[in-house]
Amino acid sequence: MTQSPPQMTDRAALLRNRQRAQKPKGMFLQTLVADDIQDRLSLVNRDFTDIAIITGFPDIWQPRMPDATIVSDTDTLALTAKSHDLIIHALALHWANDPVGQLIQCRHALKDDGLLLTASFGGQTLQELRACLAQAESDVTGGLSPRILPMGEIRDLGALLQRAGFALPVADSLPLDVSYETTLDLMRDLRAMGENNALFARRKTGTARAIFARTEELYRQSFAEDDRLKATFEIIFMTGWSPDESQPKPLRPGSASARLADALKTSETKLKP
């Protein structure tokens with residue numbers, strides 16, 4: 001019997017957070033990602049006609065691609081097999097309980113040689129707040145509770161595409177530095193984005209003011225620049241293609257018909273056994 005993946009995200013809390021997001025004020029990262037994705041697509045020599053967009057914020061995407069199918073980022077995606085030549089997973093994969101499962105569902109929904117383009121928060125995101133909150137809670141209470149979503153590093157996320165069966169996988173990272181007057185301003189901004197704590201194992205009771213005060217103190221000690229507090233947001237973009245016979249494939253080891261030394265017009269030095 002197949003086991004369900006562990007529940008990391010409290011879906012009801014995530015939807016509440018998104019409904020309370022401040023639009024358009026809190027949508028600056030969503031908008032930046034949408035702009036970047038459209039720029040990337042303009043460089044692809046292909047006209048896409050059957051597009052699906054997986055997003056928690058459809059208002060960002062509907063005006064940009066009015067003919068696209070908007071899909072909610074639920075654990076089971078409302079996608080039909082072999083139906084799309086382009087799927088965009090827009091800044092929502094980091095909340096998936098089973099990110100590999102999401103990618104596999106996307107691959108099944110793509111036509112042969114269809115393109116998947118994803119954007120998600122990477123492991124450097126909120127690294128300053130994560131460290132200071134953890135230290136502050138440990139200092140004040142002697143314990144820790146889940147407060148910031150764990151996010152994958154670029155190498156790990158890139159490997160997910162291969163595990164999901166995509167061809168020609170590519171991943172790249174866009175780090176962004178944003179500054180705030182106080183840590184409370186940063187936390188308010190996260191609420192405005194709909195990206196505040198929706199972890200299933202989070203504390204359901206209020207946080208002591210002493211923890212926030214200690215967080216501010218630690219943050220200023222380590223991450224203040226010109227009396228403002230730096231916060232990192234890392235966006236990881238990934239592309240992969242649904243496998244097709246027309247795609248280029250790597251040669252088998254030993255199948256080369258010419259030597260590299262000949263092409264470089266140099267002598268070959270053999271390794272000693």
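Predicted, not measured: the structure shown is a model, and the values here were computed from it.
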Separation between [atom1] of [X] and [atom2] of [Y], rounded to the nearest 0.5 Å:
X: Arg155; Y: Ser173; atom1: CZ; atom2: OG; result: 13.5 Å
X: Leu218; Y: Glu128; atom1: CG; atom2: CD; result: 13.5 Å
X: Ser246; Y: Asp113; atom1: OG; atom2: CG; result: 4.5 Å
X: Ile87; Y: Leu115; atom1: CD1; atom2: CG; result: 9.5 Å
X: Ile148; Y: Arg202; atom1: CD1; atom2: CZ; result: 14.5 Å
X: Met151; Y: Gln127; atom1: CE; atom2: CD; result: 10.5 Å

Return yes if some donor-acceptor pair links the side-chain N/O of [X] with the main-chain N/O of [Y] below 3.5 Å, else return no.
X: Gln105; Y: Thr76; value: no
X: Thr9; Y: Ala96; value: no
X: Glu137; Y: Phe212; value: no
X: Ser138; Y: Ala136; value: no
X: Asp10; Y: Leu199; value: no
X: Arg147; Y: Asn197; value: no
X: Glu216; Y: Ala213; value: no
X: Arg214; Y: Val140; value: no

So, do [X] and [Y] sit near enough that their side-chain heavy atoms are less than 4.5 Å apart?
X: Ile235; Y: Val33; value: yes
X: Leu29; Y: Val178; value: no
X: Leu103; Y: Thr118; value: yes
X: Trp61; Y: Ile88; value: yes
X: Leu86; Y: Leu41; value: yes
X: Arg220; Y: Leu229; value: yes
X: Cys132; Y: Glu217; value: no
X: Gln7; Y: Asp75; value: no

Are [X] and [Y] connected in the hydrophobic side-chain network, where two residues link if heavy atoms are under 4.5 Å apart?
X: Leu144; Y: Leu129; answer: no
X: Leu133; Y: Leu184; answer: yes
X: Ile37; Y: Trp241; answer: yes
X: Phe57; Y: Leu149; answer: yes
X: Leu161; Y: Val170; answer: no

message: Checking Asp112 against Lys82 for the salt bridge (Lys or Arg N to Asp or Glu O under 4.0 Å) test, could you report, in this order, the C-alpha distance in whole Å, the side-chain angles of both residues, the deciding distance, and whether it holds?
response: CA-CA 7 Å; Asp112 292 346; Lys82 300 285 186 181; 2.7 Å; yes
Heavy-atom closest contact ([X] atom, [Y] atom, distance):
X: Pro66; Y: Pro63; value: CD-O, 3.9 Å
X: Ala68; Y: Ile53; value: CB-CD1, 3.7 Å
X: Ile236; Y: Gly122; value: CD1-CA, 3.6 Å
X: Ala78; Y: Val71; value: N-CG1, 3.8 Å
X: Ser72; Y: Arg11; value: OG-NH2, 3.1 Å
X: Leu110; Y: Leu116; value: CD1-N, 4.0 Å

message: side chain to side chain contact (heavy atoms under 4.5 Å, CB included) for Arg40 and Phe237? Distances and angles first, verdict last.
response: CA-CA 10 Å; Arg40 289 166 185 260; Phe237 296 91; 3.2 Å; yes
Donor on one side chain, acceptor on other, [X] and [Y], under 3.5 Å:
X: Glu195; Y: Trp95; result: yes
X: Asp185; Y: Thr182; result: yes
X: Thr232; Y: Gln124; result: no
X: Glu234; Y: Thr125; result: no

field: Plane angle bin for Phe28 and Phe233 - parallel if under 30°, tilted between 30 and 60°, otherwise perpendicular
entry: perpendicular
- request: Please identify each residue that fulfils ring pair (Phe, Tyr, Trp, His ring centres under 6.0 Å) with Phe223, with sequence neighbours left out.
  value: Tyr219
query: ring pair (Phe, Tyr, Trp, His ring centres under 6.0 Å) with Phe166: which residues, sequence neighbours excluded?
result: none
message: Does Asp227 have more than 12 heavy atoms from other residues, nucleotides or ligands lying within 6.0 Å of its CG?
response: no
- prompt: Are Arg228 and Tyr180 in a cation-pi contact, defined as NZ or CZ under 6.0 Å from the six-membered ring centre and within 45° of the axis?
  reply: no
query: Should Ile60 and Thr55 be marked as a side chain to side chain contact (heavy atoms under 4.5 Å, CB included) after you check the CA-CA gap, both sets of side-chain angles, and the distance that decides it?
result: CA-CA 9 Å; Ile60 298 292; Thr55 177; 5.8 Å; no
Pairs of donor and acceptor atoms involving the side chains of residues 12-22, under 3.5 Å and at least two apart or interchain, shall be tabulated with distances.
{"from": "Asn17", "atom 1": "OD1", "to": "Asn196", "atom 2": "ND2", "distance (Å)": "3.4"}
{"from": "Asn17", "atom 1": "ND2", "to": "Ala13", "atom 2": "O", "distance (Å)": "3.4"}
{"from": "Asn17", "atom 1": "ND2", "to": "Asn196", "atom 2": "O", "distance (Å)": "3.3"}
{"from": "Arg18", "atom 1": "NH1", "to": "Asp73", "atom 2": "OD1", "distance (Å)": "2.8"}
{"from": "Arg18", "atom 1": "NH1", "to": "Asp73", "atom 2": "OD2", "distance (Å)": "3.3"}
{"from": "Arg18", "atom 1": "NH2", "to": "Asp73", "atom 2": "OD2", "distance (Å)": "2.9"}

Among all residues two or more places apart in sequence or in another chain, which pass the side-chain contact (heavy atoms from CB on, under 4.5 Å) test with [X]?
X: Val100; result: Asp98, Ile104, Leu160, Arg163
X: Ala171; result: Ile154, Met238
X: Asp50; result: His84, Asp85, Lys111

- request: Go through the steps for Arg64 and Asp59 under the test salt bridge (Lys or Arg N to Asp or Glu O under 4.0 Å), then give the verdict.
  value: CA-CA 9 Å; Arg64 295 168 180 266; Asp59 292 347; over 6 Å; no
message: Applying side chain to side chain contact (heavy atoms under 4.5 Å, CB included) to Gln102 and Asn97, what does each step give before you reach the verdict?
response: CA-CA 9 Å; Gln102 291 261 308; Asn97 285 311; over 6 Å; no
task: Could you walk me through whether Ile54 and Leu79 pass the side chain to side chain contact (heavy atoms under 4.5 Å, CB included) test, one step at a time?
output: CA-CA 10 Å; Ile54 302 163; Leu79 294 169; 4.3 Å; yes
